[in-house]
2 protein chains.
Amino acid sequence: MSTDDAPAPPTEADLLDATWQQVTPEAARRMLIAAVQAFAQRGYHATTTRDIAALAGMSPAAVYIHYRSKEELLFQISRLGHELALEVLRGVADSEDGPAARMAAAVRAFARWHAEFHTTAKVVQYELAALSAEHHAQIAALRRRTEALLRGMIADGVTAGVFAVPDLTGATLAVLSLCIDVARWYRPGGRRDPGQIGDLYADLVLRMLGAA
Amino acid sequence: MSTDDAPAPPTEADLLDATWQQVTPEAARRMLIAAVQAFAQRGYHATTTRDIAALAGMSPAAVYIHYRSKEELLFQISRLGHELALEVLRGVADSEDGPAARMAAAVRAFARWHAEFHTTAKVVQYELAALSAEHHAQIAALRRRTEALLRGMIADGVTAGVFAVPDLTGATLAVLSLCIDVARWYRPGGRRDPGQIGDLYADLVLRMLGAA
DNA sequence: CTTATGCCTAAGCGCTCGCTTAGCGTGCAG
DNA sequence: CTGCACGCTAAGCGAGCGCTTAGGCATAAG
């Protein structure tokens, strides 16, 4: 094997390690990553704390050393996951490109994130209903910021006369919906890799917004 | 109260009764409708057979008079629900309009269905993972027919030179995804009623497809 | 050495789950 | 009237759930 082959695509484990690097100590991170995998595959309610502990290679009681409850584990995943997704959009929002290029970059990055980190994204986007009322309210606030960021980018394009959008709120809803739903249908090893999905969606959205 | 007021919008119960009219006997239908409501609100795994029976006004054991198991109840909901959704698309596919008008009508009807019958649609679209392998395979076949129907309508438009779509499969995926996701975010009493969502989405999709 | 602290496991508590069993009441055939 | 089939309920079984408790084994300070 030569050393100058194209780099192998990162494994699922690599991606999860990178995603959750900030969680410490290491045992708490291992437990959280195990929970993300189990929640994504089976859903929150179908996952037992014994499943999570076994995936993390520890005893069932070890869950409660680092987390108060199974719901608290979901909340930490959801909170940090939403912040990561928000960061992806913010990284693009500050660019000095024109509104159309910036919007294309935002959709490309956001859709791509939902494919590449689909395991995390599935939990973040589809397990909200299992959160307690207090935790759900905190997450809802983060989601409103995401929506506002995207709406602002579309509004800028309209103001600049680059986009032709009869219904700003409706268009924002549709763009957000399109990107989020990637986490539902994406399968690794499918015909499109995450980068290609980002490119495809950036193009489709620009047309949807009537970009000049 | 005059008798020529605008007709009141149908209640949730009206919609569910209309949706599941074909299920007999009446007690089996009541049980199934109760299951749809519970599965949509809490999710399949968070719903107990006691929840379902209580909603239907019967004892926990009554579930098993008409259905072999809780999973069989989900399967019947999923199978009939997918057939209803498919019927919505088929009702439009046979029209003799041009490709663009037909596609607009399809998206309008399909998106609208996912809003109006959002309770049913949520179970149909988001609880597939809880089905047994055999049942899941049957449902997957129905989903492939839905996708093929939509792809055919887009392909017709491309052939006729009315749509400009660089990636047929990708565009089909995006359109389907957009409509399905309506069931996730739609809330009755929101700023858009189901008809308006259908109109909005028909317009957005035509632009996405580069309709002449 | 002793003692204290932090991370972990073995064991298990109380509860609720999906589902079964035994039997009741009603309506209809003979 | 009798007898049986059907749709239902009351009661409960075995299993598995989320989470707790008691204690073991390191490390490190005194």
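Within every chain, numbering begins at 1; the chains are lettered A, B, ... in the order of the sequence lines, protein sequences first and strands thereafter.
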Short heteroatom pairs, N/O only, protein and nucleotides 25-27 of chain C, under 3.5 Å:
none

I'd like a list of close polar pairs between nucleotides 16-19 of chain C and the protein, N/O only, cut-off under 3.5 Å.
{"unit_1": "C/dG18", "atom_1": "OP1", "unit_2": "B/T47", "atom_2": "O", "d": "3.2"}
{"unit_1": "C/dG18", "atom_1": "OP1", "unit_2": "B/K70", "atom_2": "NZ", "d": "2.9"}
{"unit_1": "C/dG18", "atom_1": "OP2", "unit_2": "B/T49", "atom_2": "N", "d": "2.9"}
{"unit_1": "C/dG18", "atom_1": "OP2", "unit_2": "B/T49", "atom_2": "OG1", "d": "3.2"}
{"unit_1": "C/dG18", "atom_1": "N7", "unit_2": "B/R50", "atom_2": "NH1", "d": "2.9"}
{"unit_1": "C/dG18", "atom_1": "O6", "unit_2": "B/R50", "atom_2": "NH2", "d": "3.0"}
{"unit_1": "C/dC19", "atom_1": "OP2", "unit_2": "B/Y64", "atom_2": "OH", "d": "2.8"}
{"unit_1": "C/dC19", "atom_1": "OP2", "unit_2": "B/K70", "atom_2": "N", "d": "3.0"}
{"unit_1": "C/dC19", "atom_1": "O5'", "unit_2": "B/Y64", "atom_2": "OH", "d": "3.4"}

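Within the 3.5 Å criterion, the main-chain N or O of B/A38 finds a donor-acceptor partner in the side chain of B/T47. The backbone N or O of A/S132 sits less than 3.5 Å from a side-chain atom of A/E71, completing a donor-acceptor pair. A donor-acceptor pair is defined here as one N or O able to donate and one able to accept, closer than 3.5 Å; such a pair exists between the side chain of B/R102 and the backbone of B/A93. A donor-acceptor pair is defined here as one N or O able to donate and one able to accept, closer than 3.5 Å; such a pair exists between the side chain of A/T146 and the backbone of A/L142.
The aromatic rings of A/H114 and A/F110 sit perpendicular, their planes meeting at an angle over 60°, well past the 30° parallel limit. Aromatic ring orientation, A/H135 versus A/F75: parallel (interplanar angle below 30°, classes split at 30° and 60°).
Both the sub-6.0 Å distance and the 45° axial angle are not jointly satisfied by B/K122 relative to the ring of B/F39.
Rounded to whole angstrom, the span from the CD atom of B/E26 across to the C1' atom of D/dG7 amounts to 13 Å. Here the C1' atom of nucleotide D/dG24 and the CE atom of A/M58 are 15 Å apart, to the nearest Å. The distance from atom CZ of A/R42 to atom C1' of D/dG16 is 14 Å, rounded to the nearest whole Å. Counting to the nearest Å, the P atom of C/dG6 and the CD1 atom of A/I65 are 12 Å from each other.
Legend: side chain to side chain donor-acceptor pair (under 3.5 Å) pairs involving residues 48-58 of chain B, not counting sequence neighbours, sorted by first then second residue: B/T48-B/D51.
End-to-end axis angle of the helix from C/dC1-D/dG30 to C/dG30-D/dC1, from C1' rotation axes over five pairs per end: 20° (rounded to 10 degrees).
B/E72 pairs by the side-chain hydrogen bond (donor to acceptor under 3.5 Å, both in side chains) definition with B/Q76, not counting sequence neighbours. Partners of B/R192 under the side-chain hydrogen bond (donor to acceptor under 3.5 Å, both in side chains) rule, at least two apart in sequence or in another chain, are A/D167.
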